Trainee: 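Handing you this structure, nothing more for now.
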Amino acid sequence: MYSIFKIQDDIKQGITQSYKKIAADNGIDPSLIPEAELEVPKDRSFGDYATNAAMTSAKLFGKKPREMAGLMKENFPHTEYVSSIEIAGPGFINFKLDRAGLYNVLNEIDGMGDNFGSLDIGKGRRVQIEFVSANPTGPMHLGNARGGALGDVLASILQKAGYYVEREFYINDAGNQIEKFGASLEARYLELFGQDTEVPEEGYHGEDVVELMKEYIEKYGDVCLKMDSEERQKKLREWALEKNIDRMKDDLEAYGIHYDVWFRESSMYESGEIRDVINELKDKGHTYESDGAIWFKATDFGADKDDVLVRANGLTTYFASDIAYHKNKFIKRGFDTVIDIWGADHAGHVGRMKAAMAALGIDPDRLVVILMQLVRLKMGGEFARMSKRKGNMVTLRDLVDAVGRDAVRFLFNMRSADSQFEFDMDLAIKESNENPVFYVQYAHARICSILRNASSIGTEVPALADVDMTRLNKDAEYQLMEKLSSYPEEIGQAALRLEPYRITHYASDLASLFHSFYTECRVIGEEEEVMKARLVLADSTRKVLANALSLLGVNAPEKM
RNA sequence: GCGCCUGUAGCUCAGUUGGAUAGAGCAACGGACUUCUAAUCCGUGUGUCGGGAGUUCGAGUCCCCCCAGGCGCACCA
């Protein structure tokens, strides 16, 4: 167990003991007492930890908050880590820690290596996280880039927290949009042979479709000219889909994302799973027919409206596929929890999907949908309107090429999913030197530089047993150690609350404390014992920075 | 019209699930390199927390009503 958790437990137990004693003295039923809550005071000069326990329990004990706090302080047992207790404000109890307890973190980092920060709160539970899942009808856009950064890092965090995690990409390679894609391909194909055709109004008008057909003609010439339209579209569609899927894989790999599973919607048509799930819902009486279509009664399960499973023309909807897909995740593959990352424009879909899960007997709480607010691109001081169908968009690939993989991943993980993201392209490219990611990477490179210089004068990072850690006694050093020791807690928070942005913030904070330490405390050239202790501290910081950056999928350079 | 998300410093955003005097980065200004990387550090200030009412010892945070922006409200995905 990490020392930070031991210390917190220590204080919580102290509070509980104190409570019990006071309860006994006053004849109060101890089971009524609320559980102690620890918090970190906003102003650290108050102490390392604080509790509002006296204020929340004052009423129960029939005392004034400050009086209650005084009693609790008197009855607080002696513990290993707490060095002083003070009462302040309306009745806060502030705890200061014995700073020697902080040195433990250096041992933990040394002993655990890359596993430092790992937790077992997941207890091996199986989590699937599905993200990006862009239509294979063209290149991926900025929203996909955001979803990719969020999903990939969240997956890493959950793994670190002890969950079994699979990353999955759902390929919509069937259905209505794919038909339109085929029609668009055909139009461009014929157009390239001089025929007078037009891309359908609702089709895909982007230049990438033309490029695809040029490439196809280069390879296969006019073989599709003499086919009938249906066959031709099928041929072109199948070829283009594979092409696009391969390209998405390449682009995502370049972005640092690797999926465990690429799941095709079409596979569920072949296996019959879509038909089966529709029949299951029918059999259970959760459907009805209206205007020739088959509807799912989502409103029976709390959704705000029903939705169509089978259209009047006999074709199944995306919704039907998605139900079958999620049943596959939960039932066939047995995931305990499924996390989907969707754009905010799919918000209306959430209630109906959960309703469908409930109808299938799956606890809807096991499906967690993270709604990501949309990304707006600012270029030349204006917000660009983008559309895949119109083809006037900046792609994920463009972004990664222009701004750099590290910066893009870091930037997208700086904000919570439910804030809108304004991506200023000009700023990202022009002023990328002022990007926060470089600040963190620079801290890492600086440490590496110290270690190199030390090595060049014959000094390596010493074994911990040979180091007098009490030589680390400056404020900058204590603050750095405090931050290092809070890393596991930060992982836990990020995992439980599904908030990857906590890790970018943590990395920035840690880098900042290191830069301050660097300015205030020299390493090389100091007295031998001080140098050794600081080498260990610097190296520990380097390891944790690299650890956090690796969760983010961002490089930790040794030189910059 | 209804539902979801958002509104906090000039800009971009945090705010530990209701706690103490509301924070950080950027931008602006002033300092700091003969010494381990100045992509750095130190200092300076700015808030009707969109507005109004309410809940209580205590509200940026919770309830209600408005205002503004984004996204939905398809036999599209």
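Since the structure is predicted, the reported quantities are computational estimates derived from the model, not experimental observations. In what follows, every chain begins at residue 1, and chains take the letters A, B, ... in the order their sequences are listed.
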Trainee: In whole angstroms, how far is the P atom of B/rC73 from the CG atom of A/Asp304?
Mentor: 11 Å

Trainee: Please check if the distance between the ring centroids of A/His349 and A/Phe319 is under 6.0 Å.
Mentor: yes

Trainee: Would you mind telling me which of B/rG15, B/rC71, B/rC4 lies closest to the side-chain atoms of A/Leu371?
Mentor: B/rC4

Trainee: Specify the separation, in whole Å, of atom CE of A/Met560 and atom C1' of B/rA39.
Mentor: 6 Å

Trainee: Could you tell me whether the side-chain ring of A/Phe92 sits stacked on the base of B/rG19, using a centroid cut-off under 5.5 Å and a plane angle under 30°?
Mentor: no

Trainee: Between B/rC41 atom C1' and A/His515 atom NE2, what is the distance in whole Å?
Mentor: 9 Å

Trainee: Return the nearest nucleotide to the side chain of A/Asp418; candidates are B/rC5, B/rA14, B/rC41.
Mentor: B/rC5

Trainee: Determine, for A/Lys12 against A/Asp9, whether the closest basic-nitrogen to carboxylate-oxygen distance falls under 4.0 angstrom.
Mentor: no

Trainee: What are the residues of residues 523-533 of chain A, sorted by number, that bring a heavy atom to within less than 4.0 Å of RNA chain B?
Mentor: A/Val523, A/Ile524

Trainee: Establish, for the pair A/Arg146 and A/Phe421, whether the NZ or CZ atom is under 6.0 angstrom from the six-membered ring centre and no further than 45 degrees off its axis.
Mentor: no

Trainee: Taking any heavy-atom pair under 4.0 Å as a contact, classify A/Tyr501: base, sugar-phosphate, or nothing.
Mentor: sugar-phosphate

Trainee: Which part of the nucleic acid, if any, lies within reach of A/Asp291 when heavy atoms closer than 4.0 Å are counted: base, sugar-phosphate only, or nothing?
Mentor: base

Trainee: For A/Ala344, which contact category applies under a 4.0 Å heavy-atom criterion: base, sugar-phosphate, or nothing?
Mentor: sugar-phosphate

Trainee: On RNA chain B, compare the nucleotides closest to A/Glu558 and A/Glu265; which residue's is nearer the 5' end?
Mentor: A/Glu558

Trainee: For the side chain of A/Arg311, counting heavy atoms from C-beta on, which of B/rC75, B/rC5, B/rA14 is nearest?
Mentor: B/rC75

Trainee: Write down the distance between NE2 (A/His505) and P (B/rA14), rounded to a whole number of angstrom.
Mentor: 7 Å

Trainee: Among residues 441-453 of chain A, which residues get a heavy atom nearer than 4.0 Å to RNA chain B?
Mentor: A/Tyr442, A/Ala445, A/Arg446, A/Ser449, A/Ile450, A/Asn453

Trainee: Identify which one of A/Thr459, A/Leu535, A/Ile450 satisfies the side chain to side chain contact (heavy atoms under 4.5 Å, CB included) criterion when paired with A/Ile524.
Mentor: A/Ile450

Trainee: Heavy atoms from C-beta onward define the side chain here; which of B/rA20, B/rG15, B/rA74 lies closest to that of A/Arg502?
Mentor: B/rG15

Trainee: Are A/Phe92 and A/Phe46 near enough that their ring centres are under 6.0 Å apart?
Mentor: no

Trainee: Send over the distance from A/Glu490 CD to B/rU16 C1', rounded to a whole Å.
Mentor: 9 Å

Trainee: Could you tell me whether A/Lys329 and A/Glu130 make a salt bridge, using a distance below 4.0 angstrom between a side-chain N and a carboxylate O?
Mentor: yes

Trainee: Work out how far the P atom of B/rG45 is from that of B/rC63, and round it to whole angstrom.
Mentor: 37 Å

Trainee: With a non-hydrogen cut-off below 4.0 angstrom, is A/Ser508 in contact with a base, only sugar-phosphate, or nothing?
Mentor: nothing

Trainee: Could you check whether any side-chain heavy atom of A/Glu273 comes within less than 4.5 Å of a side-chain heavy atom of A/Lys327, counting everything from C-beta outward?
Mentor: no

Trainee: I need the OH-P distance between A/Tyr439 and B/rC26, as an integer number of Å.
Mentor: 8 Å

Trainee: Could you give the CZ-to-P distance, from A/Arg415 to B/rC11, as a whole number of Å?
Mentor: 14 Å

Trainee: Could you tell me if A/Gln373 and A/Ser419 have a donor-acceptor pair between their side chains, going purely by distance under 3.5 Å?
Mentor: no

Trainee: Expressed as a whole number of Å, how far does the C1' atom of B/rG58 sit from that of B/rG19?
Mentor: 7 Å

Trainee: Report the glycosidic orientation of B/rC33: syn if within 90° of 0, anti in every other case.
Mentor: syn

Trainee: Using the C1' atom as the reference point in each nucleotide, state the distance between B/rA68 and B/rC62 in Å, no decimals.
Mentor: 23 Å

Trainee: Is there side-chain contact between A/Arg311 and A/Asn176, with heavy atoms separated by less than 4.5 Å?
Mentor: yes

Trainee: What distance, rounded to whole Å, do you find between the two P atoms, one in B/rU44 and one in B/rG51?
Mentor: 28 Å

Trainee: Using the C1' atom as the reference point in each nucleotide, state the distance between B/rU46 and B/rG25 in Å, no decimals.
Mentor: 15 Å

Trainee: Is the A/Tyr442-A/Tyr439 ring centre distance short of 6.0 angstrom?
Mentor: no

Trainee: Taking only the side-chain nitrogens and oxygens of A/Tyr518, find out if one of them lies under 4.0 Å from OP1 or OP2 of B/rA38.
Mentor: yes

Trainee: Among the nucleotides B/rU16, B/rA20, B/rG70, which one has an atom lying closest to any side-chain atom of A/Ala88?
Mentor: B/rA20

Trainee: Can you tell me which nucleotide in B/rU16, B/rA20, B/rA77 comes closest to the side chain of A/Thr317?
Mentor: B/rA77

Trainee: Which one, B/rU16, B/rC36, B/rA14, comes nearest to the side chain of A/Gln493?
Mentor: B/rU16

Trainee: Expressed as a whole number of Å, how far does the P atom of B/rC71 sit from that of B/rA9?
Mentor: 23 Å

Trainee: From the options B/rU16, B/rG69, B/rG19, select the nucleotide whose nearest atom is closest to the side chain of A/Gln420.
Mentor: B/rG69

Trainee: Among B/rC76, B/rC71, B/rU12, which is the nearest nucleotide to the side chain of A/Gln177?
Mentor: B/rC76

Trainee: Does the base of B/rA20 carry an N or O that pairs as donor and acceptor with the side chain of A/Asn94 under 3.5 Å?
Mentor: yes

Trainee: Could you check how far CD1 of A/Ile87 sits from C1' of B/rG19, rounded to whole Å?
Mentor: 16 Å

Trainee: Taking atom P in both B/rA28 and B/rC67, compute the distance separating them and give it to the nearest angstrom.
Mentor: 39 Å

Trainee: Assess, by modelled atom type and distance only, whether the side chains of A/Asn172 and A/Gln177 contain a donor and an acceptor separated by less than 3.5 Å.
Mentor: no

Trainee: Relative to the 5' end of RNA chain B, which residue comes earlier, A/Gly175 or A/Tyr49, by the nucleotide with the nearest heavy atom?
Mentor: A/Tyr49

Trainee: Please tell me whether A/Thr504 and A/Asn413 have a donor and an acceptor in their side chains that are separated by less than 3.5 angstrom.
Mentor: no

Trainee: For atom C1', what is the distance between B/rC65 and B/rA22, given to the nearest Å?
Mentor: 26 Å

Trainee: Can you tell me which stems RNA chain B forms, taking runs of 3 or more consecutive Watson-Crick or G-U pairs with both distances under 3.5 Å?
Mentor: B:1-7 with B:67-73, B:10-13 with B:23-26, B:28-32 with B:40-44, B:50-52 with B:64-66

Trainee: Taking the side chain as every heavy atom from C-beta outward, state whether A/Leu158 and A/Ile339 have any pair of such atoms under 4.5 Å apart.
Mentor: yes

Trainee: Kindly say whether, by distance alone, the side chain of A/Asn52 makes a donor-acceptor pair under 3.5 Å with the base of B/rG19?
Mentor: yes

Trainee: Any base atoms under 4.0 Å from A/Lys64, or only sugar-phosphate, or nothing? Heavy atoms, all strands.
Mentor: nothing

Trainee: Say you draw a straight line from CD1 of A/Ile178 to CD of A/Gln233; how long is it, rounded to the nearest 0.5 Å?
Mentor: 12.0 Å

Trainee: Would you please say whether a donor-acceptor pair under 3.5 Å links the side chains of A/Asp306 and A/Tyr288?
Mentor: yes

Trainee: Ring-plane angle category for A/Phe301 and A/His286, please: parallel below 30°, perpendicular beyond 60°, tilted otherwise.
Mentor: perpendicular

Trainee: Of the candidate nucleotides B/rC76, B/rC41, B/rC13, which contains the atom at the shortest distance from the side chain of A/Thr519?
Mentor: B/rC41

Trainee: By the rule that syn is within 90° of 0, classify the base conformation of B/rU44 as syn or anti.
Mentor: anti

